[in-house]
Amino acid sequence: MNELNNHYRMLLGLDEAWLVKSVDLSMESKRVIIALEHRGGRLTCPERGISCTRADLAPERTWRHLDTMQFETIHQARTPRCACEKCGIKTVDVPWAGKHSRFTLMFEALPFVVFRHAAA
Ligand SMILES: [Zn+2]
C-alpha cells in the first residue's frame with residue numbers, strides 16, 4: 001500500500017476495513033478529494049447489529065470534510081451494503097459520518113457549522 005495513502009487513513013481514524021485509494025489535489029478548484037474504498041469482510045447490520053456478509057456497494061457519494069489548509073476537502077466512497085439474514089440488503093453506517101448526512105462528523109463538530117445552521 002502507498003505509504004502516504006496509509007498515513008491519510010490513519011489521520012482520518014479509519015481502521016483497516018477502509019483503504020485510501022487516492023488523494024487528488026485540484027489547484028484549479030482548490031479542492032482535495034480523498035477517495036476511500038471498502039476492502040470487504042464482515043459488516044454489521046445497521047438495524048439489528050448482526051454480523052453479515054457484504055452484498056454489494058452503493059453508488060458513489062461524497063461528504064464534505066474539514067478543509068486541508070485553505071482547500072475544501074471531500075470524502076468520496078461507495079458505501080458497502082450488507083446482506084442481513086433478517087432485514088435483507090441494508091446500507092451500512094460509515095465510520096466518518098452520520099446516516100444521510102452530507103458532512104463528516106468532524107466537519108459537523110465545528111462551531112461555525114452550528115452558527116451557519118442557526119442563521120439559515
Ligand atoms: Zn439486519
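Ligands are counted one by one from 1 in listed order, and the atoms in each one are counted from 1 as well.
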Notebook entry, point to check: Is the shortest distance from a Lys or Arg side-chain nitrogen in Asp93 or Lys90 to a carboxylate oxygen in the other one below 4.0 Å?
Noted result: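 No salt bridge links Asp93 with Lys90.
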Item checked: Arg31 (side chain) donor-acceptor with Ile74 (main chain) under 3.5 angstrom ->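 No.
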Notebook entry, point to check: Once rounded to 10 degrees, what value does the angle at the Zn ion (ligand 1) take between SG (Cys87) and SG (Cys84)?
Noted result: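 Here the angle at the metal atom is close to 110°, to 10°.
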Notebook entry, point to check: Per the ring-ring contact (aromatic ring centres under 6.0 Å, His included) rule, which among Phe107, Trp63, Phe103 passes with Trp96?
Noted result: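 One option only clears the test, and that one is Trp63.
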Margin query: Taking the side chain as everything from C-beta on, heavy atoms only, tell me whether Thr73 gets closer than 4.5 Å to Thr104.
Written below: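 Side-chain contact under 4.5 Å: no.
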Notebook entry, point to check: Is it true that some N/O/S atom of Cys82, main chain or side chain, lies under 2.8 Å from the Zn ion (ligand 1)?
Noted result: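 False for Cys82.
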Checklist line | N, O or S of Cys45 under 2.8 Å from the Zn ion (ligand 1) | finding: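 It does; at least one qualifying atom falls short of 2.8 Å.
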